[in-house]
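Written below as structure tokens is the structure these notes are about.
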Amino acid sequence: MRAHARRSDAFYRVAPFALFIAFLAVEAWLAHPPWLTIARGLAAAAALALFWRHYTELRKPWSVAGFLFAAVAGLLVFWVWITFDHGWAVIGGEGTGFVPLRADGTIDWMMAGLRFFGLAAVVPVMEELFWRSFLLRWIDRRDFLSLDPRAVSWKAYALCSVLFASEHSAWFAGLIAGIVYTGVYTRTGNLWAPIVSHAITNGTLGIWILSTGHWRFW
């Protein structure tokens, strides 16, 4: 009975991430149409909403101090992301990113807003549920929900951070982000902390992209 519960617990945290990755694969095959990028975030959001009642780790309250710690960590990762964005720190070139511009060169704010929603609100929850709540703890214990995140091993910490980096073309920034978000989680023991850090990184990045036109970061 417990083995079945463990499989279900894993499924609820893996499925939205797997759906997101599947959309990424189709996007690459179809040369990254903007509408599919928007659909990716909306599909992941729908999956999270469907499984939300199963995310028991998100019912834990946390402190103002924890929020401030998470916020500072998120801003640090933002700085790393826009600083180490070329050369040896990037695999596969810089790319063009998501460009929400109309034919006349003005921003399509509906497209930009939906992309921002996916980046700043959906991705942080989806990825932290998968990378930190599930995979980080699952490496040490198959019954991962029973493991206090503050007790994970250094092996799990390192492996999860490296795998998180492999998900991003900006591998170095991804590695630092993985180390920081994992550190925030293992220090606070509350998944909302890395979610907030991740959301602040992505939200600040989104605002910076819209302000500067550095679309390749999208």
Side-chain angles (χ1 to χ4, degrees), residues 12-24 26-27 32-62 64 66-82 97-100 107-136 164 167-168 170 173-174 177-178 180-182 184-185 188 190-212 214-218:
Y12 297 134
R13 289 153 184 82
V14 173
F17 180 78
L19 180 63
F20 191 85
I21 295 300
F23 267 85
L24 278 175
V26 174
E27 282 180 53
H32 300 282
W35 63 269
L36 197 53
T37 301
I38 298 299
R40 181 213 313 166
L42 295 178
L48 289 172
L50 179 64
F51 301 141
W52 191 261
R53 66 187 178 89
H54 299 286
Y55 301 140
T56 54
E57 61 270 59
L58 297 182
R59 299 173 192 168
K60 188 175 181 179
W62 52 293
V64 173
F67 173 84
L68 294 175
F69 174 61
V72 171
L75 291 173
L76 170 64
V77 174
F78 161 72
W79 175 82
V80 171
W81 212 274
I82 64 172
F98 177 84
V99 184
I107 294 176
D108 183 331
W109 286 105
M110 178 174 289
M111 292 287 284
L114 289 171
R115 176 67 176 120
F116 185 87
F117 168 73
L119 179 74
V122 178
V123 168
V125 177
M126 174 199 70
E127 289 202 330
E128 295 310 314
L129 280 166
F130 173 74
W131 289 110
R132 251 60 67 178
S133 181
F134 166 64
L135 187 62
L136 175 71
F164 184 78
E167 182 195 10
H168 302 87
V180 170
Y181 298 153
T182 304
V184 168
Y185 186 38
T188 63
N190 193 320
L191 191 66
W192 277 114
I195 288 175
V196 167
S197 288
H198 204 151
I200 287 177
T201 297
N202 288 10
T204 306
L205 181 63
I207 293 169
W208 181 79
I209 291 168
L210 290 168
S211 301
T212 62
H214 285 82
W215 307 117
R216 61 191 172 83
F217 284 87
W218 263 7

Quick one: does F134's side chain get under 4.5 Å of L129's, heavy atoms only?
no

Does the side chain of F78 reach to within under 4.5 Å of the side chain of I200, using non-hydrogen atoms?
no

Which atom names give the shortest non-hydrogen contact between F20 and A44, and what distance separates them?
CD1-CB, 4.0 Å

Using a cut-off of 6.0 Å, state whether more than 12 heavy atoms not belonging to F67 lie near its atom CZ.
no

Shortest non-hydrogen contact between T201 and G74, atoms and distance
OG1-O, 2.7 Å

Apply the side chain to side chain contact (heavy atoms under 4.5 Å, CB included) test between R40 and each candidate in L19, L24, V123; give the one that qualifies.
L24

Mind checking whether H214 and F217 have parallel, tilted or perpendicular rings, split at 30° and 60°?
perpendicular

Side-chain heavy atoms of V64 within contact of F69, under 4.5 Å
no

Gap separating the CD atom of E27 from the CG atom of L36, nearest 0.5 angstrom
4.5 Å

If the plane angle is over 60° it's perpendicular, under 30° parallel, otherwise tilted; pick one for Y181 and H198.
parallel

Presence of salt bridge, R13 and E57, under 4.0 angstrom:
yes

Once rounded to the nearest 0.5 Å, what's the spacing between atom CH2 of W215 and atom CG of L210?
5.0 Å

Hey, what do you get for NZ (K60) to CG (L191), rounding to the nearest 0.5 Å?
10.0 Å

To the nearest 0.5 Å, tell me how far E128 CD sits from T182 OG1.
7.5 Å

W218: which of F98, F116, W208 passes ring-ring contact (aromatic ring centres under 6.0 Å, His included):
F98

For A73 and V180 the tightest heavy-atom approach is CB-CG1, 3.7 Å

Under 4.5 Å between any side-chain heavy atoms of Y55 and R59, yes or no?
no

d(L119 CG, L114 CG) to nearest 0.5 Å is 12.5 Å

Check whether any side-chain heavy atom of E167 sits under 4.5 Å from a side-chain heavy atom of I21, and report yes or no.
yes

OG1 (T212) and CD1 (I207) are apart, to the nearest 0.5 Å, by 11.5 Å

Heavy-atom side-chain contact between N202 and P124 under 4.5 Å
yes

Quick one: does any side-chain atom of W131 pair with a main-chain N or O of L136 as donor and acceptor, under 3.5 Å?
no

Kindly indicate whether the side chain of Y12, heavy atoms from C-beta on, has any atom under 4.5 Å from the side chain of T56.
no

When every non-hydrogen atom of M111 is compared with those of I38, the smallest separation belongs to O-CD1, 3.5 Å

What is the minimum heavy-atom distance between S197 and A70, and which atoms define it?
OG-O, 2.6 Å

Between F164 and G174, which heavy-atom pair has the shortest distance, and what is it?
CD2-O, 3.2 Å

Atom CZ of R53: over 12 foreign heavy atoms under 6.0 Å
no

